[in-house]
A.B. asks: 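This is the structure I want to talk about, given as structure tokens.
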Protein chains: 2
Amino acid sequence: MPTTEPDVAAPSGRRLAHPSTEEIRLEGVLHALADPVRLTIVRELADGHADMACIAFDLPVSKSTTTHHFKVLREAGVIRQHYEGTSRMSRLREDDLEARFPGLLAAVLEAARRSVAPSA
Amino acid sequence: MPTTEPDVAAPSGRRLAHPSTEEIRLEGVLHALADPVRLTIVRELADGHADMACIAFDLPVSKSTTTHHFKVLREAGVIRQHYEGTSRMSRLREDDLEARFPGLLAAVLEAARRSVAPSA
DNA sequence: CTCGTAGTACGGCAGTTGTCAAACTACGAG
DNA sequence: CTCGTAGTTTGACAACTGCCGTACTACGAG
């Protein structure tokens, strides 16, 4: 990992803007996580799958809506994305979030696990 | 604390509906905390002031907007309110939130402290 | 080059949210 | 009872959000 810079993952055309760690805003993160679809994405990402293409998620929304949700997560600083062929791989920014807001992501993930299977 | 029930705090007229601990939903809490004004309220409440009247907060919004934000926080289960004369006292439901989503409120509050005074 | 796949961008639409002002209610003091 | 204070309710408005379909752009395989 010598010269690879975080914001220039794709060598060719497509660029993806990510906020730097210091730029991550709490309200943005909370807002990003306050949506069921996005919370599902984050939960699946946290569930061991380090890098996943958007299509790998089983979301109850259309393609364009999926793009939208990933964009919200990325711009909030919750996930990092980079291209790999025609696929866009997504990964949780666990370390960055931990550095910026220690314990926050873990607490939300733990809460999400509880709130999904509460009565069943 | 024998016969006092949580949802019937005011003996006379006005009632305030609160969700029970089990009814608190994660997305609701995150959404409630994702607003700057509400986050300010929660931070001030956590900052030692156990019970505060709405007017005690220095919020940059009108009276009716303040009422609205308190209502969102209350209905999300983040705060508990009860009447005291003409004032409406608000208190964080720290214990309930801790029971439902352990560590979540603490992590958000700690994050809020960091995000308020980062560059200054 | 052509085709299929993965995803983006562009409207557009309905529902929600944050905001306010104005009129109203509840309580306490006098 | 009257007045002031604290808060609520209503109605309105602009902005945003989530959602969709359609058209478009990369990239890889053949």
A.B. asks: Look at the side chain of Arg38(A) and the backbone N and O of His69(A), then say whether any donor-acceptor pair between them is shorter than 3.5 Å.
C.D. replies: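 Flag not set: sc Arg38(A) to bb His69(A) has no pair under 3.5 Å.
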A.B. asks: Check the distance between dA6(C)'s C1' and Glu84(A)'s CD and give it to me in whole angstrom.
C.D. replies: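 It is 13 Å, rounded to the nearest whole Å.
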A.B. asks: So if I apply the side chain to side chain contact (heavy atoms under 4.5 Å, CB included) rule between Gln81(A) and each of His18(A), Met89(A), Arg91(A), Lys71(A), which one comes out positive?
C.D. replies: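 It is His18(A); the other options fail the test.
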A.B. asks: Within a strict 4.5 Å, meaning less than it, do heavy atoms of the Ile41(A) and Thr66(A) side chains meet?
C.D. replies: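 No; the side chains remain at least 4.5 Å from each other.
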A.B. asks: Nearest-Å distance, CZ (Phe57(B)) to C1' (dG7(D))?
C.D. replies: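 These atoms are roughly 14 Å apart.
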A.B. asks: Expressed in angstrom and rounded to an integer, what is the separation of Leu16(A) atom CG from dA9(C) atom C1'?
C.D. replies: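 Those two atoms, CG and C1', are 14 Å apart.
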A.B. asks: Is any side-chain heavy atom of Arg93(B) closer than 4.5 Å to a side-chain heavy atom of Pro19(B)?
C.D. replies: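 Yes, their side chains come closer than 4.5 Å.
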A.B. asks: Please, what dot-bracket string fits DNA chain C when only Watson-Crick and G-U pairs with both distances under 3.5 Å count, crossing ones use [ ] and pairs to another strand use |?
C.D. replies: ||||||||||||||||||||||||||||||
A.B. asks: Nearest 0.5 Å please: distance from the OG atom of Ser87(A) over to the NE2 atom of His82(A).
C.D. replies: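 Taking OG in Ser87(A) and NE2 in His82(A), the distance rounds to 10.0 Å.
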A.B. asks: Starting from C1' on dA6(D), measure out to CZ on Phe70(B) and report it in whole angstrom.
C.D. replies: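 About 12 Å, once rounded to whole Å.
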A.B. asks: In whole angstrom, what separates Tyr83(B)'s OH from dT5(D)'s P?
C.D. replies: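 Nearest whole value for this atom pair: 19 Å.
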A.B. asks: Over all heavy atoms of both residues, which pair between Leu30(B) and Leu33(A) is shortest? Give the atoms and the distance, please.
C.D. replies: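 What the structure gives for the nearest pair is CD1-O, 3.4 Å.
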A.B. asks: Each nucleotide in nucleotides 14-21 of chain D should get exactly one letter: B, S or -. Can you fill that in based on protein heavy atoms under 4.0 Å?
C.D. replies: ---SSBBB
A.B. asks: Would you compute the distance between atom NE2 of His31(A) and atom CD of Glu27(A) and round it to the nearest 0.5 angstrom?
C.D. replies: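 That separation rounds to 11.0 Å.
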A.B. asks: Checking the side chain of Arg74(A) only, and the main-chain atoms of Leu16(A) only, is there a donor and an acceptor separated by less than 3.5 Å?
C.D. replies: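 No; judged by distance alone, with no hydrogens or angles, the pair does not exist.
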A.B. asks: If I take atom CG in residue Leu33(B) and atom C1' in nucleotide dG18(C), what distance separates them, rounded to the nearest angstrom?
C.D. replies: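 About 16 Å, once rounded to whole Å.
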A.B. asks: Just how far, in rounded Å, is P of dA6(D) from CE of Met89(B)?
C.D. replies: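 These atoms are roughly 11 Å apart.
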